[in-house]
Undergrad: 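Okay, here's the structure, questions in a sec.
Scope of the values below: all heavy atoms of this structure, side chains included, with no hydrogens, waters or symmetry mates.
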Amino acid sequence: MITGPPAIPPRARIPLWTLGAFGFVVALVLGLRYAGSSHTAGLDALVLPVVDRVEGPLWYLATAIDFAGEPVGAIVVIALFGWLCLRHRRQRIAILMVVASGVTVALTTGLKPLVGRLIHGEFLSYPSGHTAFAVTVATVVGLLVIDVRGLGTVGGASVLVGLVAFAGLAMGWAEVALGAHYPTDTFGGFGVAVAVVPVVGWAVDRLTSR
């Protein structure tokens, strides 16, 4: 029997669903804008010359960050933070970590051929699954911190946005720096992740409370 606090702490519901709605709009708008394209324009054209193709120590840093989104690295990340959730007796948040990560990866994988955006002429790129995974984990960790620390709505929103922004920027930078994605691909990955977590969290709470 699953006991303990809900996957989505009551104090986190408003900021989480607000962030989710914003992310859904971002992912949808960018997906429609760049569907079937294989060129840089707008924000991509501004950011790519600055970030694309790093070398030396920055390349190793980008590769290390990228590893967290690879299958082996993702398993390690989920196991680590899942254990952290269980250690604090947050079983539903641990379930949310695993299920939301799986749903996010499946969704970003399925959306790529639907959007049909190509990078380097042959690789499907939108949305970025690595960025989506990192943001999913960061969002769930934010919920854990809010619940364990007993943060209020304002403090919880600050923690949630801060962790999500950090994870999204770090993984997004790595993906663009390694030439795997356009910058807007990473924004799309962010949008998918923050849209998925509240929906999966709601489902986890409903199903485990019966």
Undergrad: Taking all heavy atoms of A134 and all of A167, pick out the closest pair and write down the distance.
TA: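 Between these two residues, the closest heavy atoms are O-CB, 3.7 Å.
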Undergrad: First locate atom OH of Y126, then atom NE2 of H181, and finally report the distance between them rounded to the nearest 0.5 Å.
TA: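 Output value for this atom pair is 11.5 Å.
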Undergrad: Could you give all pairs that pass the salt bridge (charged side-chain N to carboxylate O under 4.0 Å, His left out) test and reach residues 121-136, with sequence neighbours left out?
TA: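 Every candidate salt bridge (charged side-chain N to carboxylate O under 4.0 Å, His left out) pair involving residues 121-136 fails, so no pair, neighbours aside, qualifies.
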Undergrad: What distance do M97 atom CE and I95 atom CD1 have between them, rounded to the nearest 0.5 Å?
TA: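 The CE atom of M97 sits 12.5 Å away from the CD1 atom of I95.
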Undergrad: Tell me whether L96 is reachable from L84 by hopping between hydrophobic residues (I, L, V, M, F, W, Y) whose side-chain heavy atoms are closer than 4.5 Å.
TA: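 Same cluster: L84 reaches L96 through Ile, Leu, Val, Met, Phe, Trp or Tyr contacts under 4.5 Å.
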Undergrad: Would a single hydrophobic cluster contain both M171 and F123, if residues Ile, Leu, Val, Met, Phe, Trp and Tyr are joined by side-chain heavy-atom contacts under 4.5 Å?
TA: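 Linked, F123 and M171 end up in one cluster.
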Undergrad: Are F187 and Y182 close enough that some pair of their side-chain heavy atoms sits under 4.5 Å apart?
TA: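 Heavy-atom side-chain distance check fails, nothing below 4.5 Å.
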Undergrad: Are L107 and V140 connected in a single hydrophobic cluster, I mean Ile/Leu/Val/Met/Phe/Trp/Tyr linked by side-chain heavy atoms less than 4.5 Å apart?
TA: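 Per the 4.5 Å side-chain linkage, V140 and L107 are co-clustered.
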Undergrad: With sequence neighbours left out, what residues match F166 under side chain to side chain contact (heavy atoms under 4.5 Å, CB included)?
TA: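 Once residues adjacent in sequence are excluded, F166 has no partner under the side chain to side chain contact (heavy atoms under 4.5 Å, CB included) criterion.
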Undergrad: For the pair L58 and W173, evaluate side chain to side chain contact (heavy atoms under 4.5 Å, CB included) and give the outcome as yes or no after the intermediate values.
TA: CA-CA 11 Å; L58 288 179; W173 167 78; 4.2 Å; yes
Undergrad: Side chain to side chain contact (heavy atoms under 4.5 Å, CB included), that's the test. Do D205 and R92 meet it? Break it down for me.
TA: CA-CA 7 Å; D205 284 335; R92 290 185 176 90; 3.5 Å; yes
Undergrad: Test question: given the 4.5 Å side-chain rule for I, L, V, M, F, W and Y, name all other residues clustered with L118, or answer none.
TA: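 Taking Ile, Leu, Val, Met, Phe, Trp and Tyr as members, L118 shares its hydrophobic cluster with L124.
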Undergrad: Surrounding CG of L114 (heavy atoms of other residues, nucleotides or ligands, distance under 6.0 Å), is the total greater than 12?
TA: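 Result for CG/L114: enclosed.
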Undergrad: Grab the two heavy atoms, one from V137 and one from S101, that are nearest each other, plus how far apart they are.
TA: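 Shortest heavy-atom separation between V137 and S101 comes out as CG2-OG, 4.2 Å.
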Undergrad: How would you list, by chain and number, every residue that makes a side chain to side chain donor-acceptor pair (under 3.5 Å) with T184, sequence neighbours excluded?
TA: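 Expected list: D44, R117.
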Undergrad: Just jot down the side chain to side chain donor-acceptor pair (under 3.5 Å) partners of S128, sequence neighbours excluded, or say none.
TA: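 Once residues adjacent in sequence are excluded, the partners of S128 under the side chain to side chain donor-acceptor pair (under 3.5 Å) criterion are T131.
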Undergrad: For G168 and V135, which heavy atoms make the closest approach, and how far apart are they?
TA: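 Nearest pair, atom of G168 first, then V135: CA-CG2, 3.6 Å.
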Undergrad: How far apart are the closest heavy atoms of P6 and I93, and which atoms are they?
TA: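 What the structure gives for the nearest pair is O-CG1, 4.0 Å.
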Undergrad: Name the atoms and distances for all side-chain donor-acceptor pairs under 3.5 Å in residues 192-202, with sequence neighbours left out.
TA:
none

Undergrad: Working to the nearest 0.5 Å, report the span between NE2 of H120 and OG of S125.
TA: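 If I round to the nearest 0.5 Å, the distance is 9.0 Å.
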Undergrad: Could you note down all residue pairs passing side-chain hydrogen bond (donor to acceptor under 3.5 Å, both in side chains) where residues 135-144 supplies at least one of them, sequence neighbours left out?
TA: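 As it turns out, the side-chain hydrogen bond (donor to acceptor under 3.5 Å, both in side chains) pairs with a partner in residues 135-144, which skip direct neighbours, are T104-T136.
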Undergrad: Under 3.5 Å, which donor-acceptor pairs link side chains of residues 61-83 to any protein atom two or more places apart or in another chain?
TA:
| residue | atom | partner | partner atom | Å |
| --- | --- | --- | --- | --- |
| T63 | OG1 | W59 | O | 2.8 |
| D66 | OD1 | H130 | NE2 | 3.4 |
| E70 | OE2 | H130 | NE2 | 2.8 |

Undergrad: Go through the steps for F22 and W17 under the test side chain to side chain contact (heavy atoms under 4.5 Å, CB included), then give the verdict.
TA: CA-CA 9 Å; F22 171 72; W17 282 101; over 6 Å; no
Undergrad: By side chain to side chain donor-acceptor pair (under 3.5 Å), which residues pair with T186, not counting sequence neighbours?
TA: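 Expected list: none.
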Undergrad: Are F133 and V98 co-members of a hydrophobic cluster defined by side-chain heavy atoms under 4.5 Å apart?
TA: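 Shared cluster, yes.
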Undergrad: Kindly give the heavy-atom pair with the smallest separation between I119 and G179, and that separation in Å.
TA: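 Result for this residue pair: CD1-O, 3.8 Å.
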Undergrad: Please say yes or no: joined through hydrophobic side-chain contacts below 4.5 Å, possibly via intermediate residues, are V47 and V29 part of one cluster?
TA: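 No, V47 does not connect to V29 through the hydrophobic network.
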Undergrad: Who are the side chain to side chain donor-acceptor pair (under 3.5 Å) partners of T108, not counting sequence neighbours?
TA: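 T108: no side chain to side chain donor-acceptor pair (under 3.5 Å) contacts found.
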Undergrad: Of all the heavy-atom pairs spanning A27 and G188, show the shortest one and how long it is.
TA: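 Taking every non-hydrogen atom into account, CB-O, 3.9 Å.
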Undergrad: Counting only pairs under 3.5 Å, give me each side-chain donor-acceptor contact of residues 144-165, with atom names and distances, residues two or more places apart or in other chains.
TA:
| residue | atom | partner | partner atom | Å |
| --- | --- | --- | --- | --- |
| D147 | OD2 | R90 | NE | 2.7 |
| S158 | OG | V154 | O | 3.0 |

Undergrad: Please output the side-chain donor-acceptor pairs of residues 30-40 that fall under 3.5 Å, not counting sequence neighbours, one pair per line with the distance.
TA:
| residue | atom | partner | partner atom | Å |
| --- | --- | --- | --- | --- |
| S37 | OG | Y34 | O | 2.7 |

